[in-house]
Structure formats: C-alpha cells, structure tokens
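Each remark here refers to the structure printed beneath this line.
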Amino acid sequence: MLAGKRILLIVGGGIAAFKTPELVRLFKAAGAAVTPVLTRAGAEFVTPLTLGTLAGEEAHTALFDLTKEVEIGHIQLSRSADLVVVAPATADLMSKMATGAADDLASTLLLATDKRVLIAPAMNVRMWEHPATQRNLATLQKDGVAIIGPNAGDMACGEYGPGRMSEPAEIVARAEAMLSDGPLKGKRIIVTSGPTHEPIDPVRYIANRSSGAQGTAIAKALAALGAEVVFVTGPATVPSPSGVQVVKVETAAEMLGAVQTALPADAAVMAAAVADWRVENASKAKMKKDGGTLPTLSFTENPDILATVSQLAQGRPKLVVGFAAETNDVVAYATAKRGRKGCDWIVANDVRPETGIMGGSENAVTLITEAGAEDWPRMGKDAVAERLAARIAAAL
Ligand code: C5P
C-alpha cells in the first residue's frame, strides 16, 4: 500500500501517455497522492485537465509561471514527493536526465529532486536500441535511477519489440516495492535466474530445463522486504516478478554483462542455471543439412558469473550467494564449490529426478555458510525464498 505517500508523476511526450490516467487512478486507489507534471509534448497526448481531475490536484506544465513559483517553487515540488515516477520516459527525457539538462519544468524537477526516481521507458524499438539511448540508460542506472520495462510487444508505431511502456499495475507494484519500509529498504540486490540459451546458429540453440521458478520467488521475496532488486533473467518459463527491475538476456555472456552493469550492489543471489559451455564460432547463417555429413560442434567455456562477482577485487557485493544443484554427495560437493567460487553462501539442492525438485514447486535445500551446513526441511519454493530473504536481511 502507498498510504501517506506522494508520487510526483512526470508524463513525457509519447503515445504511451494514454496509459497515465489509469496509472494515476491506480496510484490513488493504492492510497498515494499524485502530483502530475506534463512536458509540453506530454500535454499533446493527454490533457492536464484529465490527469489533474483524476489526481484531485492541479497538473503542472510550465516552468516559468511566476505566480506558481511564488505559491510552490520547482524545488519544493521536486522534494515534497516520496518518489518521482517518469512515465512514459521518452528517449528525449532519458537523454536530458543523463546529461543533466534542465530546460523545462519536468527536466528541472528531475535535476532538483533529492528523492528516488523510477522511469518507465517507452519508445520505438529502434530508438530504444540506438547506442545513444543504451548509453543514456547505462548512465541513469549508474546514477541510481530505477528502471521498469520497456516490455516487448506490438507497438503503436506498427513495429514489434522492446519499447512498450510497462503496464500501470506493474509500475504501481514497483513503486510500492521501492517505498516499502521492510528490513532491506535501501539495499540493492542482483538476482540471476532462469536458463541461458547458447546459439548454434540463428535458429538453433543449446538450453537447459531451468524454469526460473526459484530465482523468481527469491526476487519477489527480497522486493517484499523492501530491497531494490535487479532481476537478470534468461529465457525462463515462469513470468518475471513485479516490483523489480527486469533485465532479459539470452546467453551467459549477456548475463555477465547485465550483472556487471547492475553493479554495485549490496548482495548478489545467483540462481540462474548458466550453461557451462557455448558453441565456439556459432554459425551466422542457418546450418544446412548437406549430403549426409553431420556437423561437429566444438565448445568453449562460458564465463563463470558467480566466480567473477565473488572474486571482484573492487566493488564486490557484501554478500554473494550461489546455488549448487547436485545429484550425489550434495553437502560435500556444495561445500567444495563454495570454496572454489569464493562466494559466501551456497544454497544446495538434490536434483535427482526422484526428488521432483527440478521443475517442481517444492525444494529441499541445505544452506552452506562459513559456519557449516544447515538442512532446511522440504517446503514450497516460495517459502524457501522467504526464508532465504530473511537470512539475507539479517546478514546485510
Ligand atoms: O558450477 P555450477 O554451475 O554447479 O555452479 C552453480 C552456481 O554457479 C549457480 O549459483 C550458478 O548461477 C552459478 N554459475 C554462474 N555462471 C556460470 C555457471 C554457474 O554464475 N557460468
């Protein structure tokens, strides 16, 4: 719930602004007060009257309104909120934020605020993928700006891909997580989850059976305790949790890159089932079934993300947690793995098919720490996640 919280909602100029009346309505329904601010372009897509009426207070549009500067200055406006939400965050607004431009009310508020900022990017796929936007995104991430979406799908401009603004309900869930007063408030935690896909050629890949269920449950449980979670996920079968920053990747190399971009963090929980090997020189063109000769794939080792993060000389998270899926001598192998990788804890589980754990809804884990091995009773993956999140909160 957002009772007693104030959201400063900055609406940029994109077609996704049509979702902002619903966003204001959901924020109000969750108990928050909303101060709408529209850029000049934003006001072309949704009227200040609509947002002001739904918010129950005036929507602001211009910087140089001297009467308003006397009543409520832009500095006060930017600081009276508990959270600043930018939705839709256009390529232009992101660029202004990344460079510190302040040439209208919205960008000035974003530069003047001392509060956390959540942006929901929305733009054409090409604009999103342009190196300039990706550079700005990386800068904003480093500046501590929280990002939600964009989601992939059909776009108003007729193209398909990442660029759709997150749904209002997703944005509200994320705002709730960011404003929650749980024991992990103010802590940034990276969670990896799901399998990786390693290409053989443009249409074929090597994968594994990880569903992403345990990593998803952990991300959810950490966010529920107030953590700011960056959820780096391979192509999982379960949907990503709400209330976290989702970064979708395919390969181990991309996963490592996404984790490195997400650093620094207070903790990292590596629940992904990362492929150990990838195909060396994956073919750029689809391999053909020629004259009865069988292809030979040669493999090369993938980077070990857990070991890389655990052994960082600078900027290592205070707590690094790895997973170990074993079929025999679980505790002995997992204890050895903890030493080899250099992580602080290992969550070990027995994945023999008869346990029904891999792909199932329950898990029986052993937590291996510096103090030794601790067997947890068999329980639902959500319960394992909640117990682990509570332990992480106690350790940070
Ligand atoms: O070595 P193994 O794959 O058994 O280790 C499992 C742990 O290491 C998991 O926490 C997994 O997420 C992590 N891992 C990784 N990068 C790899 C391989 C495994 O982060 N390339």
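In what follows, residues are counted from 1 in the order of the sequence shown. Computed from a prediction, not measured in an experiment: that's the story for all the values here. One-based numbering, in listed order, for ligands and for the atoms of each.
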In ligand 1, the atoms that come under 4.0 Å of a heavy atom of Met270 are 9 (C), 10 (O), 11 (C), 12 (O)
Note to self: Ring-plane angle category for Trp277 and Phe299, please: parallel below 30°, perpendicular beyond 60°, tilted otherwise.
What the structure shows: perpendicular
Review point. Is the closest heavy-atom distance from Lys337 to ligand 1 below 4.0 Å?
Key: yes
Output for pair (Leu54 CG, Thr20 OG1), nearest 0.5 Å, gives 9.0 Å
closest protein heavy atom to atom 3 (O) of ligand 1 is Asp276 OD1, 3.9 Å
To the nearest 0.5 Å, atom CZ of Arg340 lies from atom OH of Tyr333 at 10.0 Å
Salt-bridge present (Asp382, Lys220; N to O < 4.0 Å): no
Ligand 1 to Ala272, heavy atom cutoff 4.0 Å, flagged ligand atoms 11 (C), 12 (O)
field: Salt-bridge present (Arg316, Asp344; N to O < 4.0 Å)
entry: yes
Candidates Thr196, Val274, Val269; heavy atom nearest atom 17 (C) of ligand 1 found on Val274
To the nearest 0.5 Å, atom CE of Met123 lies from atom CE of Met94 at 5.0 Å
When you compare ligand 1 with Leu306, is there at least one nitrogen or oxygen pair between them that comes in under 3.5 angstrom?
yes
Gly322 heavy atoms within 4.0 Å reach ligand 1 at atoms 10 (O)
The closest protein heavy-atom partner of atom 6 (C) of ligand 1 is Phe323 O, 3.0 Å
Short version for Pro303: what comes under 4.0 Å of ligand 1, heavy atoms counted, is backbone
Lys28 side chain vs Ala55 backbone, donor-acceptor pair below 3.5 Å | yes
One finds that the ligand 1 atoms under 4.0 Å from a non-hydrogen atom of Lys341 are 1 (O), 2 (P), 5 (O), 8 (O), 19 (C)
Strictly distance-based, threshold 3.5 Å: is any side-chain N or O of Arg338 a donor or acceptor partner for the main-chain N or O of Gly322? no
for atom 16 (N) of ligand 1, nearest protein heavy atom and its distance come out as Ile305 N, 3.0 Å
